[in-house]
Amino acid sequence: DDQMTRRNGKMGHGVLRFTSNPIAACIDRQHHGRRSNEVLGFGPNCPVVENVEKALAIGGDVLVLGMAPSGGRLPSHLFEEVDRAVEGGLSIANGLHQPLASRYPKLQPGQWIWDLRVEPEGLGIGTAQAALLGNRRLLTLGTDMAIGKMTAGIEIWREAERRGVRSAFLATGQIGIFVSGMGIALDAIRVDYACGAVERMVLDAADADLQIIEGQGSILHPGSTSTLPLLRGSCPTHLVLCHRAGIKTVEGHDIPIPPLVELISLYEDLASASGSFLRPKTIGVALNTVDLDEDDAQRALDTIMEETGLPATDPLRFSAAPLVDVLLP
């Protein structure tokens, strides 16, 4: 649509940055005629076209709905574009809250509609069984929404894999699920079953020596309900706090972000529940420095390390190695 350079284009950004699948084209009305890498500064160098019809002429197998609009519903003017994609033989990867499979009951052989935000079947309530596992379980947590919890988790996972560690990235959002091919859409699960869903995912991956659980939301955000299910379901042994450099309040709200050392202590207290559960160790800070030049980014990292006494890095801009060094001594 027209979200390519906006934060609501984060589904497309995540796919372009992390997927192992080749990208045939990007569809965006505002930037057609250019190349994706020229527009975004990262990802593959594919053409940007105006509509589905132009993309079909280039070729491809799957239309990924790359926008993440508020409320998670497809804008009404885009239904015709998706209809044309299905008519043209494309499968659909849909990360919106609005399911699309029932709209297309008759598909061509091999064609599919993947609604990523669907509650798994057979869920129950959590039982804290993850605490009995002997592996390391790292959960990424944040000061706000949409600041890089998934990105930090994937980069930590990749660094651990490079070191030969048997590890698993456990996705809890639509982008992570699409990139990794597995996981749960936590925001599509009824609250009574959310802990159980996280727990089952963790237990299913129990053979991994290191699990990186993708965080969602923030305990500071008034609209976020995902922190406690992630803490309870995964019973993490380690935490990474994710933060965007320079932000002082929760976006869209007059809610101050406290000193990071206070928030770190709060998250650890919540995880341990006054000693009822294992108290995880925060191993460092993943700082999103996208709005800074490299010198300012390094100064921001130095300030964070001085304030918290913990390693800090921008795992995308620099490296996740300082975090993994502490996680895997």
Any donor-acceptor N/O pair, Arg73 side chain to Gln98 backbone, under 3.5 Å = no
Please confirm whether the backbone N or O of Arg136 pairs with a side-chain atom of Gln211, one donor and one acceptor, at under 3.5 Å?
-> no
Is there a side-chain contact between Leu74 and Asn94, using heavy atoms and a 4.5 Å cut-off?
-> no
Checking side-chain contact (heavy atoms from CB on, under 4.5 Å) for the pair Leu65/Leu63: CA distance, chi angles, key distance, verdict?
-> CA-CA 6 Å; Leu65 302 186; Leu63 176 69; 4.0 Å; yes
Kindly state each residue pair satisfying side-chain hydrogen bond (donor to acceptor under 3.5 Å, both in side chains) with at least one member in residues 311-329, sequence neighbours excluded.
-> Arg163-Asp325, Thr289-Asp314, Thr289-Arg317
In plain terms, say whether Asp296 and Arg299 are close enough for a salt bridge, that is, a side-chain N and a carboxylate O under 4.0 Å apart.
-> yes
Report, as yes or no, whether the 6.0 Å neighbourhood of atom CZ on Phe318 holds more than 12 heavy atoms from other residues, nucleotides or ligands.
-> yes
Quick check: are there more than 12 heavy atoms from other residues, nucleotides or ligands sitting under 6.0 Å from CG of Leu266?
-> yes
Ile175 reachable from Val240 in the ILVMFWY side-chain graph, under 4.5 Å edges = yes
Interatomic spacing from CG in Asn37 to SG in Cys46 - rounded to 0.5 Å = 9.0 Å
Separation between CD1 of Ile27 and CG of Leu78, rounded to the nearest 0.5 Å = 9.5 Å
Cys235 to Arg137 - nearest heavy-atom pair and separation | O-NH2, 2.7 Å
Find out if a path of hydrophobic residues (ILVMFWY) with successive side-chain heavy-atom gaps under 4.5 Å connects Val165 to Val326.
-> yes
So, does Gln111 use its side chain to make a donor-acceptor pair with the main chain of Leu90 at under 3.5 Å?
-> yes
Arg158 with Glu161: basic N within carboxylate O range, under 4.0 Å = no
Approximate separation, where rounding is to 0.5 Å, of Leu139 CG and Leu239 CG = 6.0 Å
For the residue pair Thr143 and Leu220, what are the closest heavy atoms and their distance?
-> O-CD1, 3.6 Å
So, are Glu53 and Arg84 salt-bridged, with charged N and O less than 4.0 Å apart?
-> yes
Do the side chains of Thr303 and Glu307 get nearer than 4.5 Å, heavy atoms only?
-> yes
Just wondering, do Arg200 and Leu123 contact through their side chains at under 4.5 Å, heavy atoms?
-> yes
Is any side-chain heavy atom of Pro236 closer than 4.5 Å to a side-chain heavy atom of Tyr267?
-> no
State whether a side-chain donor-acceptor pair under 3.5 Å links Gln216 with Thr172.
-> yes
Rounded to the nearest 0.5 Å, how far does CG of Asp209 lie from CZ of Arg166?
-> 4.5 Å
Under 4.5 Å between side-chain heavy atoms, hopping through other hydrophobics if needed: is there a path connecting Ile154 to Leu328?
-> yes
Any chance you could lay out the side-chain contact (heavy atoms from CB on, under 4.5 Å) test for Arg190 and Glu119, step after step, and finish with the verdict?
-> CA-CA 8 Å; Arg190 288 167 289 179; Glu119 183 180 82; 2.6 Å; yes
Test ring pair (Phe, Tyr, Trp, His ring centres under 6.0 Å) applied to His253 - qualifying residues, sequence neighbours left out | His221
What's the verdict on side-chain contact (heavy atoms from CB on, under 4.5 Å) for Ile213 and Thr140, showing C-alpha distance, side-chain angles and the deciding distance?
-> CA-CA 7 Å; Ile213 300 104; Thr140 57; over 6 Å; no
Is it true that Arg34 and Asp28 make a salt bridge, defined as a side-chain N closer than 4.0 Å to a carboxylate O?
-> no
Checking Lys149 side chain against Asp144 main chain: does a donor-acceptor pair fall under 3.5 Å?
-> yes
Measure the CG-SG distance between Leu230 and Cys195 for me, rounded to the nearest 0.5 Å.
-> 8.5 Å
Student check: side-chain heavy atoms of Phe178 and Phe18 closer than 4.5 Å = no
4.5 Å side-chain heavy-atom contact, Pro120 and Ile189 = yes
Minimal heavy-atom distance between Ala271 and Phe277, with the atoms involved, is O-CB, 3.3 Å
Kindly give the heavy-atom pair with the smallest separation between Ser218 and Thr227, and that separation in Å.
-> C-OG1, 3.6 Å
Answer yes or no: is there a side-chain heavy-atom contact under 4.5 Å between Ser91 and Val62?
-> yes
Over 12 non-hydrogen atoms of neighbours within 6.0 angstrom of CD in Glu38 = yes
With the threshold set at 4.0 Å, does a side-chain nitrogen-carboxylate oxygen contact exist between Asp187 and Arg117?
-> yes
Give a yes or no on whether Val290 and Val39 share a hydrophobic cluster (residues Ile, Leu, Val, Met, Phe, Trp, Tyr; joining criterion: side-chain heavy atoms under 4.5 Å apart).
-> no
Is the number of heavy atoms from other residues, nucleotides or ligands under 6.0 Å of Gln108 CD greater than 12?
-> yes
Which atom of Val49 lies closest to which atom of Ala25, heavy atoms considered = CG2-CB, 4.4 Å
Sequence neighbours left out, what passes side-chain contact (heavy atoms from CB on, under 4.5 Å) with Pro99? Give chain and number order.
-> Asp115
In terms of side-chain heavy atoms, does Glu199 have a donor or acceptor partner in Thr127 at a distance below 3.5 Å?
-> yes
Report yes if some heavy atom in the side chain of Met4 is under 4.5 Å from a heavy atom in the side chain of Leu40; otherwise report no.
-> yes
Euclidean distance, Gln3 CD relative to His31 NE2, rounded to 0.5 Å = 10.5 Å
Same cluster (ILVMFWY, side-chain, under 4.5 Å), Leu231 and Leu278 | no
Tell me yes or no: between the side chains of Asp1 and His77, is some donor less than 3.5 Å from an acceptor?
-> yes
Nearest heavy-atom pair of Ser167 and Trp157: which atoms, and what distance?
-> OG-CD1, 3.3 Å
From CA spacing to verdict: side-chain contact (heavy atoms from CB on, under 4.5 Å), Ile184, Ile177 = CA-CA 7 Å; Ile184 59 170; Ile177 294 171; 5.5 Å; no
Determine, for Arg29 against Glu50, whether the closest basic-nitrogen to carboxylate-oxygen distance falls under 4.0 angstrom.
-> no
State whether the number of non-hydrogen atoms from other residues, nucleotides or ligands found under 6.0 Å of Glu80 atom CD is greater than 12.
-> no
